[in-house]
Structure formats: C-alpha cells, structure tokens
Visitor: 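Supplied in structure tokens, the structure appears directly below.
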Amino acid sequence: MTGRDAVKRSHSPPGSPLIGDGKKLVFLGSAPERPYDLETMLRASAEVLGKGVHGTTYRATLDGGEPVLAIKRLRDVHLPEREFRDRVVALGALRHDNLPGLRAYFYSKEEKLLVFDFVGAGSLSSLLHGSGAERLDFTTRARIALAAARGVAFIHGGGPKASHGSIKASNIVVSGKRDSAYVADYGLAQLVGTAGLPKRGTGYRAPEVTDARVVSQKADVYSFGVVVLELLTGRAPTHALPDGGAGGSGVDLARWVRSVVQEEWTSEVFDSVIGSEPRVEEEMMRLLQLGMECTEQHPDRRPTMAEVEARIERIVEDASRRADFSSTDGSRSVSA
Ligand SMILES: Nc1ncnc2c1ncn2[C@@H]1O[C@H](COP(=O)(O)OP(=O)(O)OP(=O)(O)O)[C@@H](O)[C@H]1O
C-alpha cells in the first residue's frame with residue numbers, strides 16, 4: 001500500500017466491548033435497508049489508520065470485501081445520546097464530492113462510533129512526507145489543493161459560523177488516482193470534549209487562535225494556506241508529524257516562505273520535484289502568491305474560501321492546458 005499512514009494490522013474487531021450491549025448501529029440518510037449490522041461490522045478485518053486527537057480511526061473491510069469503511073472510535077464524548085444524535089444527523093446530511101460520506105453511528109455508554117465511507121489512498125501528509133512518499137507533479141498538487149478547497153468552501157457555505165477547525169495535511173485524504181481529495185474530520189470538535197486537544201498549536205494554527213476550540217472561517221483559510229505552502233515546498237510545518245517532522249521539527253512555513261521570497265530567492269522555495277518543471281512556472285507562482293495571502297497574519301487580509309477555490313480552479317485550468325500543449329508539442333511533458 002503506497003503512501004498510507006503507518007498502519008498496524010489487526011483482525012480483532014474495532015469495538016468488541018460493544019457486543020451484548022443491545023444497542024444498534026443507526027444509519028443516516030434514506031438507505032432502504034440496513035446494509036450491514038453491528039455484529040457484521042465488528043467481525044470485519046480492521047487496521048488502525050491513525051490515532052488522532054478525537055480518537056482512533058480504523059479501516060474495516062466487511063466479509064466479501066465490500067463496503068470498506070472508515071470507523072472512527074471517539075473518545076471523550078460527554079454529550080447525552082439525543083444531542084449526540086442530532087449533531088451527527090446534521091453532519092450526515094452534508095453530502096459533497098470532497099467530504100467522506102458519514103453513513104452511520106453507534107452510541108452506547110462505553111462506545112461512540114462514527115462510520116464513514118473509506119475513501120482515497122492515504123493522507124496528503126503521508127504522500128508528501130511518509131515512508132512511501134510520492135513524486136507528485138505540480139498539476140497533481142494543484143488538483144489536490146483544488147479538491148480540498150472545494151470541500152472546505154462547501155463547509156463554509158453552511159453559514160458564517162460554519163468552519164472545519166482542523167485543516168491539515170493529515171486530514172486531507174487523496175484519491176486513488178491522485179486527481180482529487182477529501183476533507184476528513186469535519187464536525188468532530190462539536191462531538192468530543194477538550195481532553196485530547198494538544199496543548200501547543202501546530203504550524204497550521206492561525207496566529208490569532210489561542211484556544212483550539214474557538215474556530216473561524218478565516219482561521220481555516222490560514223490553515224488551508226499552510227497546506228498550499230506544504231504542497232509547494234514539500235516541507236512539513238512545525239509539529240505536524242508524529243516524529244516532529246522529517247529531519248527536524250518542521251518549519252514555520254508562512255514565515256520561512258516569506259523570508260525566502262523577500263530575499264528574492266523565490267525559486268528556492270519550491271520542492272525540488274516540481275521546481276524545474278517546464279511551462280508551469282507562472283501557475284506555481286500564482287499558487288505561491290495565494291498560499292501567502294491565505295497565511296497573512298491579519299485575518300481580514302485573507303481571502304474567503306470561495307475566492308481561494310475560484311483562483312485555484314483557474315490555476316489548474318491554465319496548468320493543465322500548458323501540460324496538454326507540452327505533450328502535443330512534442331516537448332518534455334510534466335509527469336513526475
Ligand atoms: N473516511 C476516510 N477514509 C480514508 N481514510 C481516512 C478517512 N478518515 C480519516 N482517514 C485517515 O485516517 C487517518 C487517521 O485519522 P485521525 O483523524 O484519527 O488522525 P489524524 O488525522 O492523524 O489526527 P487528528 O485527529 O489530530 O486530526 C487520517 O490521517 C486519514 O488519512
């Protein structure tokens with residue numbers, strides 16, 4: 001499995017203590033019949049995808065190979081069942097091509113599970129920095145940024161208070177063909193307590209955010225901008241990786257990129273994999289400019305996610321046109 005976060009394989013069910021509780025999986029949406037039940041899900045072969053601040057995520061494959069699920073075992077949930085259900089139902093009603101579908105939930109005294117469609121081929125973080133890191137070309141990186149921007153812009157479309165609150169490369173799951181992406185972990189902060197929240201911020205957190213629970217759309221734009229800079233530079237931001245970052249503790253990307261650009265060494269900021277790609281230099285600069293605007297210190301100077309989405313859309317269109325031209329032209333193409 002390329003690019004996948006480090007996984008531990010286990011065939012023990014993800015939630016064995018649930019058996020005998022008498023409670024059932026609750027399906028969301030208008031599924032005509034229950035596609036599987038709790039016992040089937042608990043018998044599925046499961047592997048740990050990662051342990052995050054809100055709990056542990058498993059990949060579970062049901063008997064027969066279908067469907068493949070991403071099961072989130074939440075920790076530190078203090079909401080009564082009714083309130084939990086109302087919030088989960090609202091999350092499940094959000095359907096978008098760039099958000100993993102939330103299909104079911106389970107609530108008992110001991111266990112709270114969310115069941116999502118398993119999507120993609122691993123997180124952006126693992127594709128950029130993991131042991132199976134891949135050489136992604138510029139257009140691929142820009143397409144991943146566009147897909148993630150669409151997911152976040154859709155969330156923001158829910159109203160001025162709607163925000164994700166934890167945008168980072170490990171929460172962006174890249175599609176198998178590397179041409180799209182999904183934004184994971186939306187809404188979990190509204191379900192769990194604060195015990196798991198890290199005391200210190202990571203390099204994705206906007207400077208005005210002093211309390212991780214106080215999220216905003218402008219803070220999301222900042223975090224998204226850091227992801228854009230990460231895609232362009234290939235560098236991990238501060239405290240973004242479990243081991244502290246490849247070869248160190250990561251960098252303050254927004255500050256580092258600005259200092260290099262000020263010194264007029266702009267071409268030095270790009271990941272060496274994309275730095276010498278022909279024909280797309282202009283689009284690379286436009287995306288860099290956008291990443292810098294998103295990571296402006298002052299929230300009011302940052303663009304909205306709708307604007308970010310529209311600008312990346314144009315960058316991708318122009319880069320794809322140039323890449324097509326370069327392949328029909330007979331010149332060197334921009335494959336990784
Ligand atoms: N629906 C999904 N389909 C496929 N992979 C997923 C899905 N949801 C999450 N993942 C993957 O599972 C991994 C672990 O997720 P989890 O949220 O538990 O930890 P995290 O994202 O590393 O940390 P945090 O909780 O701080 O966001 C993610 O990095 C992501 O790659």
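Numbering of ligands and ligand atoms starts at 1, following listing order.
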Visitor: Would you say ligand 1 has an N or O under 3.5 Å from any N or O of Val53?
Guide: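 It does: an N or O of Val53 is found under 3.5 Å from an N or O of ligand 1.
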Visitor: With a 4.0 Å cut-off on heavy atoms, is Leu188 in contact with ligand 1?
Guide: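 Leu188 does not count as a contact of ligand 1 under the 4.0 Å cut-off.
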Visitor: Counting each atom of ligand 1 from 1 as listed, which ones have a heavy atom of Asp185 under 4.0 Å away?
Guide: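 Listed by number with element, the hits are 17 (O), 24 (P), 25 (O), 27 (O).
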Visitor: Looking at Ser123, which atoms of ligand 1 are within less than 4.0 Å of one of its heavy atoms?
Guide: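 Those qualifying, in numeric order: 29 (O), 31 (O).
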Visitor: Closest heavy-atom contact between Val226 and Leu253?
Guide: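 Scanning both residues, the minimum pair turns out to be O-CD1, 3.9 Å.
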Visitor: Checking the side chain of Asn98 only, and the main-chain atoms of Ala181 only, is there a donor and an acceptor separated by less than 3.5 Å?
Guide: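 Present.
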Visitor: Mark up the atoms of ligand 1 that fall under 4.0 Å of a heavy atom belonging to Gly50, in ascending order.
Guide: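 Once the distances to Gly50 are compared, the set is 14 (C), 18 (O).
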Visitor: Using a strict 4.0 Å cut-off to heavy atoms of Asp117, name the atoms of ligand 1 that fall inside it.
Guide: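 Contacts of ligand 1 toward Asp117, numbered from 1: 1 (N), 2 (C), 3 (N).
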Visitor: Enumerate the atoms of ligand 1 whose separation from the nearest heavy atom of Pro100 is less than 4.0 angstrom.
Guide: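 With Pro100 as reference, the close atoms of ligand 1 come out as 1 (N).
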Visitor: Please confirm whether Lys168 makes a cation-pi placement over Tyr204, using NZ or CZ under 6.0 Å from the six-membered ring centre and within 45° of the ring normal.
Guide: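 No.
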Visitor: May I ask you to check whether Ser166 has an N/O atom sitting below 3.5 Å from an N/O atom of ligand 1?
Guide: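 N/O-N/O distance under 3.5 Å: no.
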Visitor: Give the contacting part of Ser170 toward ligand 1: side chain, backbone, both or neither, where contact means a heavy-atom distance below 4.0 Å.
Guide: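 Answer for Ser170: both.
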Visitor: May I ask you to test the Leu188-Leu114 pair for a side-chain heavy-atom distance under 4.5 Å?
Guide: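 Yes; the side chains approach each other to less than 4.5 Å.
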Visitor: From the options Leu114, Ile167, Val119, select the one whose nearest heavy atom is closest to atom 4 (C) of ligand 1.
Guide: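 Result: the heavy atom closest to atom 4 (C) of ligand 1 is in Val119.
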Visitor: Only one of Arg322, Arg314, Arg311, Arg321 forms a salt bridge (charged side-chain N to carboxylate O under 4.0 Å, His left out) with Glu283, so which one is it?
Guide: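 Testing Glu283 for a salt bridge (charged side-chain N to carboxylate O under 4.0 Å, His left out) against Arg322, Arg314, Arg311, Arg321 leaves exactly one candidate, Arg322.
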Visitor: Would Ser223 and Asp220 count as having a side-chain donor-acceptor pair, cut-off 3.5 Å?
Guide: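 Distance-only check fails for Ser223 and Asp220.
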Visitor: Do side-chain atoms of Lys218 reach the backbone of Arg302 as a donor and acceptor pair under 3.5 angstrom?
Guide: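 Looks like yes, one N/O pair under 3.5 Å.
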Visitor: Please evaluate residues Phe27 and Tyr36 with respect to the criterion ring pair (Phe, Tyr, Trp, His ring centres under 6.0 Å), reporting the C-alpha separation (whole Å), side-chain torsions for both, the decisive distance (0.1 Å), and the verdict.
Guide: CA-CA 10 Å; Phe27 286 88; Tyr36 42 88; 5.1 Å; yes
Visitor: Below 4.0 Å from any atom of ligand 1, is there a heavy atom belonging to Gly55?
Guide: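 Checking ligand 1 against Gly55, which is what was asked, there is a heavy-atom contact under 4.0 Å.
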Visitor: Between Lys51, Lys72, Lys168, which one has a non-hydrogen atom sitting closest to atom 24 (P) of ligand 1?
Guide: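 Nearest heavy atom to atom 24 (P) of ligand 1 lies in Lys168.
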